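Report on one structure; see the data block that follows.
Sequence positions, counted from 1, serve as the residue numbers for this chain. This structure is a prediction, so every number in the text was calculated from the model and none was measured.
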Amino acid sequence: MRLPRPVLTAAATATAAAALLLAPEGAVADPTPRPPVREGSALPDAAALAPLSASDRALKAPDAGPEGGTRGYPREQVLSPDPENPADKSIKLGLTPYHGIAPRLNALQRLGDRVSVEVVGRSAGGHRLYLVTVTAPESAAGARAQERMRDLIENEPAAAAGDPGVRRSYKTPVFFNNNIHGNEWEGTDASLGLIEELATARDRATSDLLARSRVYFNITANPDGRIAGTRANAGGFDLNRDFVTASQPEVRAMRRIAIDKQPALMVDLHGYVNGTLIEPATPPHGENYEYDLFLKNTYANALGMEAAVDGLGLTPAKDGVEPAQIPFRDQAEGWDDWPPIFTPQYMPFHGTVAAHTVEFPMQVNNSAYETLPVAELRRRSAINVAVAGAAMRASLDYARSHRTSLIADQTEVFRRSVTGAAQVEVSPETVPGVPGIGPEDVYTTDFPRGYVIPAGRAQRSEQAAARLVGHLLANDVRVRRATEDFRTGGRAYEKGSYVVDLHQPKRGMANVLLADGRDISGDVSVMYDISGWSLGRLWGATVDPVRTGRLSVPDRAVRAAAPVGRVAARGALRLRLDDPRAVAALNSLLRDGVRVTLAADGSALVPASARARAVDLARTYDVAFDATRATGGTPLRRVRVAAAATPGELLALREMNFEVVPVSTAVLNAGFDWSRADVLFASAGLDRTGLGAAAGASLDAFLARGGLVGRGAAGAALNAASGLLPVRAVEGNGDANGVVRVVNSPGGVAAGAPDHSFVYAPLWFADLGPGVRAEQSYASGNPLVSGHWRALEDGGGGPGQAAGRAAVVSGPRVVLFGTEPLFRDHPKGEFPQVARALLTVT
């Protein structure tokens with residue numbers, strides 16, 4: 001679910017319980033949904049529950065994916081059973097517990113020759129991820145033919161458009177994604193039921209569908225959350241916010257499905273909005289994909305799903321179920337499809353031309369799970385299973401009846417991309433049959449000719465550039481590397497520079513990752529979630545758009561970034577701390593007792609005596625130790641971090657090889673041994689006013705000798721309550737987020753940092769007292785580059801009020817951030833600022 005629900009008060013809960021006893025058939029309507037509200041940074045104390053093992057798995061898990069087209073279908077296997085878990089939260093709802101899925105899939109495969117099961121990865125908690133394919137049997141040669149046609153559609157779309165074999169024989173890929181939010185369960189059960197129907201039905205419509213389609217089911221995208229009854233996975237991550245970053249193994253598995261299966265139609269099944277919410281969404285619409293083709297198919301399929309859901313005969317009076325709603329048609333704004341962090345907004349960059357979030361109507365999670373009788377919860381879950389099934393069956397009907405146009409439109413997406421064709425603006429003429437299209441729905445972008453990620457002196461960070469290239473390749477973006485020096489766009493570049501030509505099938509994917517983005521503050525009044533992102537600005541690498549001239553470069557395709565790890569042959573060494581991997585290498589040196597100092601430019605100075613260890617670390621982390629004659633600097637030591645933080649921040653800290661102990665208000669009140677920590681990182685889940693006397697005294701004693709690195713309102717509040725740094729924190733608009741321009745002060749925490757940062761509920765600092773230093777400030781004018789940041793109704797809290805103000809401040813044993821340098825493990829180029837703060841604050 002994307003839409004938060006109101007929290008039931010005790011009185012409301014009692015009223016609802018009474019209604020259950022009095023109303024005919026026990027029907028109770030869910031509370032009316034509020035307008036969309038953006039997700040908060042973290043639930044209280046949630047960060048302290050994220051296990052280190054889950055973080056390790058997320059960082060180390062391979063980019064798992066389904067098998068290629070070398071084998072035919074069915075691809076049957078016998079799945080070993082999972083241990084029975086009576087605590088699985090699905091059981092109370094009468095749904096399939098995770099341990100019941102493998103036996104069910106084994107049984108489904110035995111029903112005939114239409115069902116195949118593959119394990120496409122493991123979750124952060126170690127559970128298997130199952131991809132089920134339902135299709136008519138294929139020989140190995142037939143599967144290879146399907147693969148060739150899929151490649152033809154993507155890579156030679158003009159040829160595919162005229163190929164009679166594609167029109168006649170290519171199977172439409174349809175993808176159903178279930179349970180990405182762990183406590184939105186019912187899509188899994190509806191899919192298992194639909195798979196059984198498709199496996200056993202002998203009617204002509206089903207036979208025709210499976211002869212001309214492959215239907216893929218991600219049975220549960222979040223088994224950790226399904227078992228625990230949590231929205232997030234075992235690492236504490238909302239997987240439906242992670243597609244740009246792909247920090248989690250579950251998301252990397254879904255990314256491979258998107259790339260390898262290339263769905264033309266997909267549905268992501270969620271809960272709970274009453275009545276059933278069926279995308280397409282409201283403005284703003286993603287400007288980097290072919291929205292005219294997307295809207296045409298997504299709206300038409302939404303109408304079919306609406307008819308199927310309403311055709312179940314569920315009513316407000318009898319069942320508590322309101323009629324279905326389509327946000328594009330029924331709402332003005334607030335449920336947008338702008339950011340590519342959601343599954344249906346990521347899939348179009350891989351050719352999906354009909355992509356939906358569908359929200360079941362009847363709430364069974366959160367407060368409802370705890371307060372409603374089991375019979376009522378099971379009644380509601382049964383309704384949701386029926387709704388999910390109706391939506392999926394309607395989508396299969398659409399795929400069968402629109403097979404030719406779906407594939408033609410997917411082919412057209414790739415044709416526009418490889419030829420550099422202009423996007424088509426949506427209008428009543430270009431998308432006939434969709435009501436209400438107006439200027440507010442027109443979002444297109446001016447694609448550059450391409451991008452260059454420079455090599456040599458023009459590159460700010462070799463490590464960041466290599467990381468960025470690897471991420472582009474993982475997202476199926478084609479990258480080439482110059483074999484000679486060259487000029488393009490009026491600039492000279494060195495041999496070894498990377499080139500991303502946007503005349504390629506995934507141009508939208510490339511541009512959405514690398515472009516600055518757009519300031520949409522004036523376009524809509526409210527956004528659902530983040531509105532700005534830019535790997536070019538936030539990951540620490542230099543990325544140059546090429547807008548003029550030909551992109552004719554002597555180059556070759558690459559499958560991986562060239563290694564950058566090296567160690568100078570003699571003398572002292574310099575390690576530039578411009579990437580999380582460099583910080584991880586530094587922390588390894590400090591853990592080994594190597595005497596390292598921090599130079600004024602923010603780099604680490606390593607003695608020549610540690611060369612052998614540096615060689616190992618250069619290989620492990622792919623970082624460069626260059627020769628230096630610099631001496632002096634601030635001595636560094638290994639620090640242990642107590643972190644009251646969001647799951648994304650915990651993962652980022654561990655990615656940099658910090659020793660981290662999660663804490664929270666509850667953890668401190670239970671008694672925490674502060675001798676385990678040298679510095680406190682505080683951003684979420686720790687409220688000074690909620691501490692008991694003993695816990696408060698222990699914290700104060702620690703802060704008198706240790707250090708505090710605070711982020712956001714929670715960090716600033718802790719600083720104020722503890723009377724540490726004399727500054728006044730000013731909170732901006734809490735709904736604001738995006739990429740901002742910043743000015744870094746020389747030396748200190750922001751030394752060598754990028755000139756852009758990320759904000760989410762931004763903060764700035766005023767009335768800086770004695771001994772307080774502004775480490776980083778928001779740029780003058782309007783600092784927002786891309787995203788959504790408006791002033792409040794009283795005129796305050798906007799980017800104009802933040803301009804020129806301190807964004808990061810420091811003083812004795814304290815550093816405070818008003819930005820979000822570790823947000824959801826994403827802005828990699830900002831991580832070293834936090835690392836320098838942690839290493840020097842004590």
Side-chain angles (χ1 to χ4, degrees), residues 41-42 45-60 124 232 234-237 242 245 247-248 463 467 538-540 577-591 598 604 621 623 636-664 667 672 674 676-686 702 706-712 714-715 718 749 753 757-758 760 808 814-817 819-842:
S41 294
D45 304 325
L49 303 177
L52 176 60
S53 58
S55 295
D56 286 344
R57 275 189 289 270
L59 289 171
K60 297 174 183 176
F237 270 74
D242 192 44
T245 311
S247 70
Q248 301 300 294
Q463 285 78 24
R467 178 193 289 275
L538 297 178
W539 278 35
L577 302 180
D578 50 17
D579 184 83
R581 286 180 291 210
V583 178
L586 168 63
N587 274 325
S588 291
L589 289 170
L590 295 175
R591 181 186 58 207
L598 186 68
Y621 294 107
V623 295
L636 297 176
R637 65 182 178 89
R638 177 83 166 168
V639 297
R640 299 163 300 169
V641 182
T646 65
E649 291 170 325
L650 283 175
L651 185 58
L653 293 172
R654 288 165 173 161
E655 186 175 337
M656 292 187 285
N657 208 10
F658 281 102
E659 182 181 338
V660 181
V661 180
V663 296
S664 66
V667 169
F672 179 72
W674 282 105
R676 301 170 61 193
D678 302 301
V679 60
L680 170 63
F681 180 88
S683 66
L686 177 53
F702 169 78
L708 169 66
V709 176
R711 195 273 302 159
L718 180 59
V749 168
S757 192
F758 187 79
Y760 188 95
V808 182
V814 181
V815 177
L816 299 176
F817 287 86
T819 58
E820 280 265 10
L822 305 180
F823 183 75
R824 293 180 185 164
D825 193 42
H826 176 69
K828 305 292 187 180
E830 316 300 322
F831 289 12
Q833 295 179 59
V834 177
R836 279 188 285 270
L838 293 169
L839 290 165
T840 60
V841 73
T842 57

Using a 4.5 Å cut-off on heavy atoms from C-beta on, say whether the side chain of [Y] contacts that of [X].
X      : Y      : answer
Phe658 : Val583 : yes
Leu653 : Val834 : yes
Val749 : Phe817 : yes
Val815 : Arg836 : no
Glu820 : Glu649 : yes
Asp242 : Arg824 : no

_Could you go through Leu590 and Arg637, starting from their C-alpha distance and side-chain angles, then the distance that decides it, and tell me whether this counts as side chain to side chain contact (heavy atoms under 4.5 Å, CB included)?_
CA-CA 6 Å; Leu590 295 175; Arg637 65 182 178 89; 5.6 Å; no
*Tell me, please, which residues at least two apart from Arg467 pass salt bridge (Lys or Arg N to Asp or Glu O under 4.0 Å).*
Asp579, Glu655
_Non-neighbouring partners of Arg640 that pass salt bridge (Lys or Arg N to Asp or Glu O under 4.0 Å), sequence neighbours left out_ = Asp678
What is the distance from atom [atom1] of [X] to atom [atom2] of [Y], rounded to the nearest 0.5 Å?
X      : Y      : atom1 : atom2 : value
Glu659 : Arg654 : CD    : CZ    : 10.5 Å
Ser664 : Phe672 : OG    : CZ    : 10.0 Å
Phe823 : Phe758 : CZ    : CZ    : 4.5 Å

Would you name the heavy atoms of [X] and [Y] that are closest together and state the gap between them?
X      : Y      : answer
Val663 : Ala642 : CG1-CB, 4.1 Å
Gly235 : Ala124 : N-CB, 4.1 Å
Thr842 : Gly706 : CG2-C, 4.2 Å
Pro821 : Phe831 : O-CD1, 3.2 Å
Leu718 : Ala682 : CD2-CB, 3.7 Å
Met656 : Ala835 : SD-CB, 4.0 Å

*asked:* Between Asp825 and Thr245 (side chain of the first, backbone of the second, donor and acceptor by atom type, cut-off under 3.5 Å), is there such a pair?
replied: no
_Looking at Arg711 and Thr819, would you say the former's side chain and the latter's main chain have a donor-acceptor pair under 3.5 Å?_
no
_Can you list everything that forms a side-chain hydrogen bond (donor to acceptor under 3.5 Å, both in side chains) with Gln833? Sequence neighbours excluded, please._
Gln776, Glu830
*Checking side chain to side chain contact (heavy atoms under 4.5 Å, CB included) for the pair Val639/Asn587: CA distance, chi angles, key distance, verdict?*
CA-CA 9 Å; Val639 297; Asn587 274 325; 5.6 Å; no
*asked:* Pair Leu651, Phe237 - check side chain to side chain contact (heavy atoms under 4.5 Å, CB included), show working.
replied: CA-CA 10 Å; Leu651 185 58; Phe237 270 74; 3.7 Å; yes
*CZ/Arg676: more than 12 non-hydrogen atoms of other groups inside 6.0 Å*: no
*Checking side chain to side chain contact (heavy atoms under 4.5 Å, CB included) for the pair Leu680/Phe702: CA distance, chi angles, key distance, verdict?*
CA-CA 9 Å; Leu680 170 63; Phe702 169 78; 3.8 Å; yes
*Of Val623, Leu839, Leu598, Asn657, which meets side-chain contact (heavy atoms from CB on, under 4.5 Å) against Leu586?*
Leu839
